Each structure stands twice: as structure tokens, then as C-alpha cells.
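Note that the structure is a prediction, hence the values are computed from the model and not measured. Both counts, for ligands and for their atoms, begin at 1 and track the order of listing.
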Amino acid sequence: MARKKIIQIVIGLALVLALGVKSLYVKHPVLIGKTMGTGYNATLSGYVPRATVKNLRQQIEGELVEINRQMSTWDPKSEISSFNLSDESEPFEISAPFAMVVARALELSESSGGAFDPTLSPLLNLWGFGSGGEERKVPADAEIAATKALTGWRKLGVGVDSTLRKSIPGLALDLGAIAKGYGVDAIGQLLDEAGHENWFVEIGGEVVVRGLNPKGKPWRIGIQYPSSNPAVDKLQGIVNLTEGAVATSGDYRNYIQQDGVLYSHILDPRSGRAVLSDTASVTVVAPNCMDADGMATALFVMGADEGLTWVEERPKVEAMFLVRGADGEIFEKFSSGFTTATGYVSGKQTHK
Ligand code: ADP
Ligand code: MG
């Protein structure tokens with residue numbers, strides 16, 4: 001055989017082999033799907049075997065189904081829904097992860113002076129923000145007072161044996177402010193345990209990252225400009241992270257508008273009323289997403305002055321408040337370590 005011919009065959013074989021090997025891998029796989037009334041996204045940097053991607057997808061989907069079976073108030077058969085329907089004051093058995101999330105929620109209720117409260121379910125339904133499907137409206141003061149009597153985190157107990165206990169019959173749980181963050185942590189743990197080092201996980205805007213993005217840079221997480229007009233889709237700034245969680249709570253996507261006033265879906269448990277303040281959103285950076293998610297909600301209730309003092313007392317937690325000025329312009333207010341810890345790049349100091 002001619003030498004030229006042999007070379008051609010060798011090159012051909014090498015090409016076939018290379019293409020074959022390549023098709024066994026997925027470059028920077030992105031796994032997306034629906035959960036918790038929103039979407040999830042898990043992105044890995046680098047080449048991942050196709051079989052591994054398939055396996056990860058199954059594990060993630062399975063984990064999310066399990067979390068919803070425990071903690072979703074939208075599923076009438078979930079553990080949380082069964083607990084909410086029960087009028088018993090006897091200990092109610094639940095799964096260990098659900099008990100852990102409730103324990104963490106109660107710690108946050110205590111440390112935030114009641115700004116966070118996982119027992120707001122009856123009030124959320126009254127305002128039309130709950131899973132009961134009621135109409136969204138600003139309730140009458142008397143209705144708020146009567147319903148508020150059914151809430152209160154001190155009326156809820158969680159046992160180390162994974163049990164819940166209510167001290168009044170009407171008490172009901174809502175983990176909407178913390179469950180997405182927990183879900184993000186759970187998926188992150190899955191990726192971690194499978195040995196992946198560079199990834200991004202998100203559910204409905206709550207995020208955890210590790211390592212580097214597909215470009216070999218820190219992960220870039222956009223912070224939404226808080227406009228109540230869904231047509232205005234722009235960024236306030238960008239957080240750059242190689243490790244940790246980011247969560248944002250705001251009043252600009254989920255609210256009641258009545259007589260020109262925006263009533264946010266976050267309630268102040270102490271008044272039973274929607275939070276009305278100059279805070280448009282709060283972004284929290286913390287080591288895990290369950291804490292970041294819960295703290296973002298609690299800080300939204302506290303407001304910038306009280307909230308930033310609270311954040312300064314907590315190591316490894318940083319926050320940014322986006323505050324509305326008199327003319328609707330947005331101002332950024334940071335905890336002392338926010339920009340350093342997150343490499344925050346602001347789009348502009350103020351937008352109109
Ligand atoms: P989002 O769901 O828009 O990401 P949050 O994480 O702030 O926003 O969660 C808001 C949800 O938390 C509400 O829809 C409600 O279910 C619940 N919630 C509202 N106010 C409080 C509060 N003060 N403490 C705990 N949970 C709350
Ligand atoms: Mg939250």
C-alpha cells in the first residue's frame with residue numbers, strides 16, 4: 001500500500017475515534033425543568049459523560065419530587081398539607097429533612113425578632129397570597145386581627161425525633177420563603193457528592209455555585225432591577241462568586257395593587273399586613289441557600305436600617321438592599337462586606 005494511503009486511513013480512524021469519544025460526553029451540560037411553581041437550572045462546567053448527565057437528571061428530578069412530597073402546600077397530599085389539616089395537638093410524624101427545615105425556620109423566627117414566621121399560612125390565604133386559591137385583596141382590619149390569632153411561630157414545636165406539634169388547632173405552616181433555598185442546597189449536595197467541582201444550581205432565582213463557569217471565570221449572577229413592570233427586564237448589577245449562595249426577595253413581581261399602592265406578598269407577622277416600605281428588594285449572600293432565602297425574606301420585613309445592623313452581627317452573611325427614592329429611583333445599600341465578598345459590579349448607582 002502506498003504510504004499516502006496508510007496515512008489517510010490512520011487520520012480517518014483517529015477522526016472516527018475522536019468523534020465517537022466526544023459523543024459520549026456533553027460539553028457544559030445544562031439540566032432544566034419545572035418545580036415549586038417555577039423552574040430549576042443545574043449547569044456543570046466542562047465535559048461530563050452522557051450517562052452521568054442522564055443519571056444526574058434522574059436524581060435531581062427524584063429529589064425535587066421528594067421535597068415537594070414533604071414540604072409543598074400546593075400538593076394536598078404532602079406531609080405539610082396533612083399537618084396543616086390536622087387539628088391534633090399530639091406530635092405529628094414527618095420526614096427528617098422537613099423537620100430540619102422547620103427547625104431552621106424557627107431559629108430564624110427567633111433571631112429576627114419575629115420578622116420571619118413559618119406559620120403565616122392562614123394570613124397568606126386571607127390576603128390571597130397562599131395556596132388556598134383565594135382572591136387577592138386587602139382584607140379588613142377585623143379579618144386581619146382574627147386571622148392573626150391563628151398564627152405565631154411560638155405555637156409550633158419541632159421534636160428531635162422529626163415530629164411537629166401545634167398548640168392551637170388552626171395553626172398551619174408555609175415554607176414558601178425557605179423551601180426553594182433548601183431545594184437548591186439539596187441539588188448542590190447531590191452534585192458535590194457525585195464529585196463535581198464546577199457548577200451552578202438555581203430554583204426561581206435562588207442560587208448556589210461552586211468553582212468556575214464554562215469560561216473558567218467566577219459564576220456571574222445577575223441582580224434584577226426591581227421594576228413592577230414585567231416588560232422592564234434589566235439588571236441592577238452582577239454578583240461574581242466561586243462559592244456560596246445568593247437569594248433575593250422583592251415586592252416587584254408578586255403583589256396586590258390597590259389605589260396606587262403596592263402590597264407585597266411578604267407579610268409583617270407582627271402586624272399581619274403586607275410590608276409597605278421603601279425596600280424594593282433584598283439580596284443576601286450566605287454559605288447555604290436555605291439560610292440566604294429565609295434571611296432575604298426576614299430582611300425585607302426588617303427594612304434596610306434594622307436589617308443591615310442585623311446582617312453586620314452575622315459572620316459570612318452579606319446583604320444588599322435596593323431602596324426606592326422619592327422619585328422612584330433605586331439606591332443600593334450594602335452591608336460592609338458585600339462588594340468585597342461578591343465582587344459586585346453595579347450597572348449604575350441609580351436608575352430611573
Ligand atoms: P419568592 O417566593 O418571591 O422568592 P420569598 O423567598 O421572599 O420570595 O418568599 C415569599 C413567600 O414566603 C411568600 O409567598 C409566603 O409564602 C411566605 N412569606 C411571606 N411573608 C413571610 C414572612 N414574614 N416570614 C416567612 N414567610 C413569609
Ligand atoms: Mg425567601
Could you walk me through whether Glu197 and Arg210 satisfy the salt bridge (Lys or Arg N to Asp or Glu O under 4.0 Å) test, starting with their C-alpha distance in whole Å, then the side-chain angles of each, then the deciding distance to 0.1 Å, before giving a yes or no? CA-CA 6 Å; Glu197 290 172 348; Arg210 286 283 183 286; over 6 Å; no
Please determine whether salt bridge (Lys or Arg N to Asp or Glu O under 4.0 Å) holds for the pair Arg104 and Asp291, giving the CA-CA distance in whole Å, both sets of side-chain angles, and the decisive distance to 0.1 Å. CA-CA 8 Å; Arg104 197 70 186 139; Asp291 286 350; 2.7 Å; yes
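Shortest contact from atom 21 (C) of ligand 1 to any protein heavy atom: Leu120 CD1, 3.5 Å. The protein atom (non-hydrogen) at minimum distance from atom 4 (O) of ligand 1 is Lys180 NZ, 2.7 Å. Nearest to atom 10 (C) of ligand 1 among the protein's heavy atoms is His265 CE1, 3.6 Å. Taking atom 7 (O) of ligand 1 as the reference point, the nearest protein heavy-atom neighbour is Ser249 OG, 2.5 Å. When hydrogens are left out, the protein atom nearest atom 20 (N) of ligand 1 is Leu267 N, 3.1 Å; that is the closest non-hydrogen contact. Summary of contacts: the protein heavy atom closest to atom 6 (O) of ligand 1 is Asp293 OD1, 3.0 Å. Of all protein heavy atoms, the one closest to atom 24 (N) of ligand 1 is Asp117 N, 3.0 Å. In terms of protein heavy atoms, atom 16 (O) of ligand 1 is closest to Asp174 OD1, 2.8 Å.
By the criterion of a heavy-atom distance under 4.0 Å, the side chain of Leu124, and not its backbone, is placed next to ligand 1.
Residues Ser72 and Ser78 come closest through the heavy atom pair O-OG, 2.6 Å.
At a 3.5 angstrom cut-off on N or O pairs, Gly204 does not count as close to ligand 1. In terms of polar-atom proximity, defined here as any N/O pair under 3.5 Å, Ala177 does make such a contact with ligand 1. Below 3.5 Å of separation, one finds no N or O of Thr248 facing any N or O of ligand 1. The shortest N/O to N/O separation between Val301 and ligand 1 does not fall below 3.5 Å.
A distance-only check finds no donor-acceptor pair linking the side chain of Asn55 to the backbone of Ala51 [under 3.5 Å]. Side chain of Glu206 to main chain of Thr248: a donor-acceptor pair is present (N/O by atom type, distance under 3.5 Å, no hydrogens or angles). A donor-acceptor pair under 3.5 Å is absent between the side-chain atoms of Lys77 and the main chain of Ser82, judged by distance alone. Remark: side-chain polar atoms of Asn254 are not paired, donor with acceptor, to backbone N or O of His265 under 3.5 angstrom. No donor-acceptor pair closer than 3.5 Å links the side chain of Thr151 to the backbone N or O of Leu120. Put simply, the side chain of Thr279 never gets that close to the backbone of Phe300: no donor and acceptor are under 3.5 Å apart.
Proximity of Ala105 to ligand 1 is not established, as no heavy-atom distance is less than 4.0 Å. Residue contacts with ligand 1: Phe116 is included, with a non-hydrogen atom under 4.0 Å away.
Taking the ring centre of Phe321 as origin, the terminal cationic atom of Lys333 falls outside the region bounded by 6.0 Å and 45° from the ring axis. For the pair Lys166 and Phe83, the cation-pi test (distance below 6.0 Å, angle within 45°) is passed.
Note on the Mg ion (ligand 2): protein N/O/S atoms under 2.8 Å are Ala177 O, Asp293 O, Asp293 OD1, Thr297 OG1.
A donor-acceptor pair shorter than 3.5 Å can be found between the side chains of Glu193 and Gln189. Side-chain contact check for Tyr344 and Gln236: no donor-acceptor pair (N or O, by modelled atom type) lies under 3.5 Å.
Atoms of ligand 1 lying under 4.0 Å from any heavy atom of Glu206, numbered from 1 in the order shown and given with element: 4 (O), 6 (O). For ligand 1, the atoms sitting less than 4.0 Å from at least one non-hydrogen atom of Pro269 are 23 (N), numbered in the order shown with element in parentheses.
The distance from atom NZ of Lys180 to atom CE of Met290, rounded to the nearest 0.5 Å, is 15.5 Å.
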